Structures are given as C-alpha cells and as structure tokens.
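Have a look at the structure below before the remarks.
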Amino acid sequence: MSFRSGESPGSGPGLACGGHDGGMAGLEGTEQPRQRGGTAAVRWSPTVEDELALRALDLYGNPTQGEVRLPSRPESAVAARRLTQTVVLRHWGLSGQLTEHAVLLVSELVGNAVRHTGARHFGLRMLRRRGWLRIEVRDPSRGLPCLMPVHELDTTGRGLFLVDKLSDRWGVDLLARGKTTWFEMRVADR
C-alpha cells in the first residue's frame with residue numbers, strides 16, 4: 001500500500017495521506033546515469049567539505065548503487081546530507097539550488113525517521129531517471145507521517161510541509177516491515 005502527495009503522470013491530484021497505485025512512480029528498473037565528460041564532477045577539486053562527503057561515501061556506501069544503512073542517531077543527518085550533496089551536485093552534476101533543496105528535504109525525512117520511529121537504523125537510497133531524481137528514506141515503523149497545517153509561529157512540525165512545498169511529488173510506501181518515505185524532484189537534463 002502506498003501513500004503520496006502531488007500528481008503522478010496519468011493520475012489526479014493526491015492527498016498527503018491518500019492512496020496511490022504503489023511502485024516507484026516510474027522508476028522501476030532504472031539505471032543510474034553514466035557520468036558525462038565535461039560536467040562539474042570531472043572538474044571539481046576537493047575541499048574540506050568534499051573530503052568529509054567522500055569519507056561518508058566510503059563509510060556508508062553509495063546510495064545510488066543500493067540502499068545504505070545509517071545508525072538512527074541525530075548525527076546521521078549530517079552524513080545523509082553529505083551523501084545527498086555529493087550525489088546530487090558532484091555525481092549527477094545538478095544545480096546548486098536543486099542540491100540545496102534535496103539536502104534540506106533529506107534532512108527532514110531523516111529527522112523524522114530518527115525522532116519518531118525508535119529504529120536502530122534507517123536506509124537511504126537515491127535514484128535518477130530522465131527528468132527526475134528520487135530520494136528514499138526507509139525505516140522499520142509502519143506509522144504514517146501526515147502533512148499537518150503549519151502556522152506562522154510554529155517552531156516544529158514543518159518537515160513534511162517543506163517536503164510538500166519543495167518537491168514535485170512525495171509519499172510513503174508501506175512495506176511488510178516498515179515504510180519508505182520518498183520525494184521526487186524534476187531535473188533539467190542536459
């Protein structure tokens with residue numbers, strides 16, 4: 001069973017906790033794009049932040065090649081943000097603004113997984129297909145996140161609001177054990 005927000009091709013608008021046909025919203029069987037010569041990833045020279053991101057890749061693995069497991073601790077949000085930045089900006093060569101948004105949304109989903117599930121680990125996976133990127137956070141809880149109204153003076157509860165505003169689609173896929181919360185963003189292919 002899946003839940004989503006936004007619209008998917010060939011379907012009408014969804015609700016934050018409404019049903020959807022499941023699957024990966026067109027990402028089944030996709031391959032990761034090959035690196036093109038001449039992109040920013042080829043010309044990049046490492047900085048301290050890049051070195052930390054590469055260390056995160058070495059420690060946890062590449063989330064484009066399969067799900068990586070991170071400990072369900074607040075400091076894992078830093079590793080998830082670094083992995084996201086490395087993949088979106090360096091490996092996929094996408095824009096700085098898109099990278100910022102993806103990093104923020106990953107931070108929100110990871111924060112929810114750490115705070116609300118009681119899990120020991122969570123999984124992170126990143127997929128790319130023509131015109132889209134998809135990032136997933138899997139945890140063992142079957143508790144569904146719901147988009148709640150956000151008021152101007154609220155100091156908490158803005159995570160899914162941000163996911164809803166900055167992504168093109170997002171949702172939750174219930175699994176036999178747990179769930180995957182995901183978001184998708186349109187990308188301009190070169």
Side-chain angles (χ1 to χ4, degrees), residues 1-36 39-41 62-68 77 80-113 116 122-139 144-150 154 157-175 178-190:
M1 180 183 298
S2 297
F3 298 86
R4 71 165 179 90
S5 175
E7 293 185 13
S8 61
S11 70
L15 301 173
C17 296
H20 127 77
D21 61 356
M24 293 176 52
L27 289 173
E28 296 87 350
T30 59
E31 295 180 18
Q32 298 305 310
R34 292 192 180 158
Q35 190 71 35
R36 294 183 198 175
T39 64
N62 186 336
T64 66
Q65 296 174 352
E67 180 181 285
V68 298
R81 286 192 298 267
R82 286 184 177 137
L83 289 168
T84 303
Q85 181 175 10
T86 300
V87 168
V88 176
L89 186 64
R90 304 298 185 209
H91 291 192
W92 292 341
L94 299 176
S95 76
Q97 181 176 15
L98 185 85
T99 301
E100 273 185 46
H101 290 173
V103 167
L104 174 61
L105 299 187
V106 162
S107 189
E108 295 299 336
L109 294 186
V110 166
N112 285 347
H116 302 298
F122 65 89
L124 177 67
R125 187 168 80 150
M126 300 179 195
L127 304 161
R128 172 89 194 273
R129 69 176 171 97
R130 186 172 182 84
W132 291 92
L133 71 79
R134 177 180 172 115
I135 300 181
E136 303 174 345
V137 174
R138 187 186 56 79
D139 65 67
L144 293 175
C146 266
L147 180 60
M148 303 299 284
V150 175
D154 289 347
R158 294 180 178 267
L160 284 180
F161 174 79
L162 290 171
V163 172
D164 190 58
K165 292 299 177 196
L166 296 176
S167 70
D168 291 291
R169 296 189 288 229
W170 71 274
V172 180
D173 295 336
L174 286 178
L175 308 170
K179 68 179 175 297
T180 299
T181 307
W182 54 266
F183 67 86
E184 295 179 343
M185 302 172 88
R186 293 184 207 282
V187 298
D189 288 315
R190 296 177 186 167

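Everything numeric here is computed off the predicted structure, so don't read it as measured data.
Listed by chain and residue number, nothing satisfies the side chain to side chain donor-acceptor pair (under 3.5 Å) test with Glu100 (two or more places apart in sequence, or in another chain). In this structure Leu98 satisfies the side chain to side chain contact (heavy atoms under 4.5 Å, CB included) test together with Val88, Leu94, Ser95, Leu133, Met185, Val187, sequence neighbours excluded. Contacts of Ser107 classified as side chain to side chain donor-acceptor pair (under 3.5 Å), with partners at least two apart in sequence or in another chain: Arg81. Residues meeting the salt bridge (charged side-chain N to carboxylate O under 4.0 Å, His left out) test with Arg138, sequence neighbours left out: Glu67.
When each of Leu109, Leu124, Leu127 is checked for a side-chain contact (heavy atoms from CB on, under 4.5 Å) with Glu136, only Leu127 meets the rule. The residue from Val137, Leu166, Thr84 that alone fulfils the side-chain contact (heavy atoms from CB on, under 4.5 Å) condition with Leu105 is Leu166.
A cation-pi arrangement is absent between Arg134 and Trp170, since the terminal nitrogen or guanidinium carbon is not both under 6.0 Å from the aromatic centre and inside a 45° cone about the axis.
A salt bridge does not link Asp173 with Lys179: none of the charged nitrogens is closer than 4.0 Å to a carboxylate oxygen.
Within the 4.5 Å cutoff, the side chain of Leu83 has heavy atoms near those of the Val68 side chain. Side-chain contact between Arg169 and Phe183 is absent, with no heavy atoms from C-beta onward closer than 4.5 Å. In this structure the side chain of Trp92 never reaches within 4.5 angstrom of the side chain of Thr99, judged on heavy atoms. Within the 4.5 Å cutoff, the side chain of Asn62 has heavy atoms near those of the Val87 side chain. Side-chain contact between Ile135 and Trp182 is absent, with no heavy-atom pair separated by less than 4.5 Å.
Rounding to the nearest 0.5 Å places OG1 of Thr180 at 9.0 Å from CG of Leu174.
Between Ala77 and Val110, the shortest heavy-atom distance links the atoms CA-CG1, 3.8 Å.
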